[in-house]
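First up is the structure itself, then whatever we jot down about it.
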Amino acid sequence: MLRPDPDRLLRRDFLKWLGAGTGVVAFSCSDRQEAGRLAGSGAAESDLHWGKAPCRYCGTGCGVEVGVRDGKVLAVRGDTSSPVNKGLLCVKGYHLPAMLYGRDRLLHPQLRQPDGSLRRISWDEALATVAGKYAEALQAHGPGAVGVYGSGQWTVFDGYAALKWCKGGLRSNNLEPNARLCMASAVSGFLAQFQSDEPMGCYEDFEAGDDFVLWGANMAEMHPVLFSRILESKRRRPSVRIVDIATRRTPTSEYADMYVEFRPGTDLALANGILHLLVRENRWSKAFVAENVVFRRGSEDLQQIGYGCFGEQAERYTFEDQAQEASFEDLERFLAGYAPGPVSDITGVPEAQIRALAEIYADYGRGTVSLWCMGVNQHVRGTWMNNLITDLHLLTGKIGRPGANPFSLTGQPSACGTVREVGTTCNRLPADMVVTNDEHRRKAEQIWGLPEGTIPAVPGHHAVDLFRAFARGEVKVLWVQTTNPWVTLPNLQRMQRRPGDGRFLVVSDIYPTPTTDAADLILPAAAWVEREGVFGNSERRTQQWNKLVEPPGEAREDAWQIMQVARRMGMGHLFPWPEEDWHAPMFEEYRSFTLGTGKDLASYAQLQRTRGLLWPVVDGKETRYRYAAGFDPYVKKARGVHFYKAKGYGEKAALWLRPYHPPAESPDAEYPLWLCTGRVLEHWHTGSMTRRVRQLHQAVPEAYVEVNAADAAALGIKDGDRVRLVSRRGSLELGARVDGRGQPPPGSVFVPFFDEHCRINALTLDAMCNISKEPDYKKCAVRLERA
Amino acid sequence: MKRALWLLALLPACREAPPPGPQKTAAAQRAERRLFDGAPPVIPHQSFGVACISCHNERGLEVAGVGFAPPSPHADTRGMSAISRCTQCHVFRATEALFGANDFDGLRQDLRRGARLYGGAPPVIPHQVFMRENCRACHSGPAAREEVRCSHPERARCVQCHVPATGAPDFARE
Ligand code: SF4
């Protein structure tokens, strides 16, 4: 009987021609030589063990298959069975494996010596040192003197271990994630409106929607595979439109049916201008609003609110919004000031475009998906802007159905899964709970088997204030994991350390960075598929992967590091699982927080089997559209939506009245240009991984400043010239790009932040959103000079 | 001027002064442009300021003074589609410098032939077909390497006879 075994046949064939048998007869001599040189390991796609994992980089959360052989990752390919990317990746994803093999991987714990050098130490000594420093600071100064600064790139395990250790062990709420710098405004936006975090839609909105309105989101570079899905929809249905609302032309603008350029910070006025037209022209959905919406407004006094970056507020920024009830009539009166004329004056957007935008939102027959990310979130009124975008959907009833949703995109791979869902912030607990709520703390204490009153009820410092407190010496011991604050924090000058400052900084990472340069103790971390993990992406999809290769040297995963320190501090009871098999039981404990809350996660076993599931997962079934009848098992209505999480609003959503406030700092005679910062397609975050990949580094080897051609001509600057950029806080020399990939309008410049040798955050301003406390990296004033 | 020099440095055709006419890419050069076999190649020339598809079309294009632009292996790159943004995956090289050394040694080019059931049977496709739907891009035309060149490119519907090897276990009734 013929039993073809493709694998075996292939191998035999291969061996035959490698031995210069008949199989190579047809090859020319040079081909043969080349083939011999290239044969190398002799492995082929089919010889590898292929494991699944989400991509390590952006919040899109593409599925990849990881090809492993002899303990090494040799290849990746887009996972064609992943519902996220359907096989496609972006250039970062295709180059993932090299990220693990940079020659300067951190391999051993290293302790800073008094002379500034690093000494290799054992894990035992390292863990004992961390435990000792935390215990000492706790005893001498109390829980306010310690802190942990984590990441939206943490796995769920790392975040959960940190949360439990900080809040349940150290009894400190000084736990913050770098996602405070990235997603916090979306969190406070969703909480203010739905009393539950995260979007209602999913990526299927990209196939179901008709109009995609991008509010300050350069999706072509930042969420490339999602942008591909939009472009594919446009191919299939030419009626699909893309609207790019931005302060700078980007690769996204090239595909836009309408490009709307507004002056930095005036998006608040623009959104109110659209609301004004919807209300004035009676183009809003009365039935939907009556059934599902309440009205609220908060503090609007600019003097009282401030920006957190000047004067007294510059050390501690603790403004709290005060909600008041409002009505539709209040909204009408409030919007009277946002007629197209005045809005056009503020924003610089022609009246015709404001009308066109209103028409898009008003047309009930077309599904509208609003998309946003850092442009809206890193904004001195980021929460307000989140609210206003969602208001557009609430007012028109375009929410909670396929293809019609406000969709907040996340930047980091597990900003949702780890930070927003686990609650690794100074005020949160898992599944939408907060430390300020007695019941919530009790529930956590119960699940954790801790005595009542263990978790402190007062929130800790938010990220920017945490580093301010570290700089002034109030926080003595800080542990940074999986992030690079000495590149990413705004107004970096404030963070610089002096030797012997009496503080202790522990940094866990996979490569040396400016943050490890500032560290007293460096711990080598396991990366990506060198450990087991779970990430949650932008569309509420929880994705699990197994450990596929061993980490190099003595590198260990972040969660293990935390649990070991906890054990050495006598807090081993927090992590009662066997050392070799703790992932599944830890996840199941975490999952128990979510069950029955509308944020129900799938079981670990189910996550292991699937390409991720969208929560809430009830009876093993995922939920594509939250709050929507027919999709969400928590909605008992036959039709429409039910915002069942918003108990405080009578299970309705809140439409917030939010005014326009100007940015914290605007250009003037001395500093005449706007500075906006951001990312490029090729690099992830601070580039500590992607720059070690040859292809990515060579594509974009260093930061540069994009200058408008008119400004460049006026200053006598040519493409490629060295220039100096100066703000009130710092200055930087870098190369100029005139008419490059992105084109800022006259009077503004753009600089990417990935380059550790060229840290633009030396210039940025530590102004924050009044509610989310997320810094505004998109707007401050600079001067440009020839270097 | 600087740009032009770049172009010369990166164009293999100029460096090795080969005989005129279409040239296939040397295997070593092909490997050098990829992180591993299966990764999207980097772009070995500087931007010509035209759409990629105008040269890298279904059949490829001989560009006077530059060389043969190999065809695109992707299904359809014309107009708006999921893969119309070529530089989402293929990037230019702005420098030859490195940020730091990297020891990654990935999957090499697989030069084996597809398995056949018997001597004259059509070989199965030994690689993923996703994103390589245009078989001709690599298996025919002037850019095709000899060892994978197809003897009958005129028979356009390749997958009628050649099927992808999925690695699935043999059929068996439970
Ligand atoms: S970086 Fe983002 S878009 Fe690119 S492959 Fe990874 S998850 Fe997908």
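In what follows, chains are A, B, ... by sequence order, proteins preceding strands, each numbered from 1. Being a predicted model, the structure only gives us computed values, none of them experimental.
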Identify all side-chain donor-acceptor contacts of residues 153-163 of chain B below 3.5 Å with residues at least two apart in sequence or on another chain.
unit_1   : atom_1 : unit_2   : atom_2 : d
B/His162 : ND1    : B/Pro123 : O      : 2.8

In short, ring-ring contact (aromatic ring centres under 6.0 Å, His included) pairs touching residues 69-103 of chain A with sequence neighbours left out are A/Tyr101-B/Phe104

OG1 (A/Thr252) and CZ (B/Arg85) are apart, to the nearest 0.5 Å, by 7.0 Å

So, the part of B/Phe36 with a heavy atom under 4.5 Å from chain A: the answer is side chain

Honestly, the part of B/Phe92 sitting under 4.5 Å from a heavy atom of chain A is backbone

Tightest non-hydrogen contact, residues A/Ser228 and B/Gln88, listed as OG-NE2, 3.0 Å

Shortest non-hydrogen pair, A/Ala699 vs B/Ala94, comes out as O-CB, 3.7 Å

Residue B/Arg59 excluded, over 12 heavy atoms near CZ under 6.0 Å:
no

Should we say atom NZ of A/Lys234 is surrounded by more than 12 heavy atoms from elsewhere, each under 6.0 Å from it? yes

Output for pair (A/Gln695 CD, B/Arg34 CZ), nearest 0.5 Å, gives 11.0 Å

Interface check, chain A: of B/Thr87, B/Val91, B/Val42, most non-hydrogen pairs under 4.5 Å belong to B/Val91

CG (A/Leu96) and CG (B/Leu35) are apart, to the nearest 0.5 Å, by 9.5 Å

One should read off an interatomic distance between B/Asp103 CG and A/Leu100 CG, to the nearest 0.5 angstrom, of 12.0 Å

Exercise for the section: State whether the side chain of B/Asn102 and the backbone N or O of A/Ala98 hold a donor-acceptor pair below 3.5 Å, judged by distance alone. Expected result: yes

Q) How about A/Arg737: does its CZ atom have over 12 heavy atoms from other parts shown lying under 6.0 Å from it? A) no

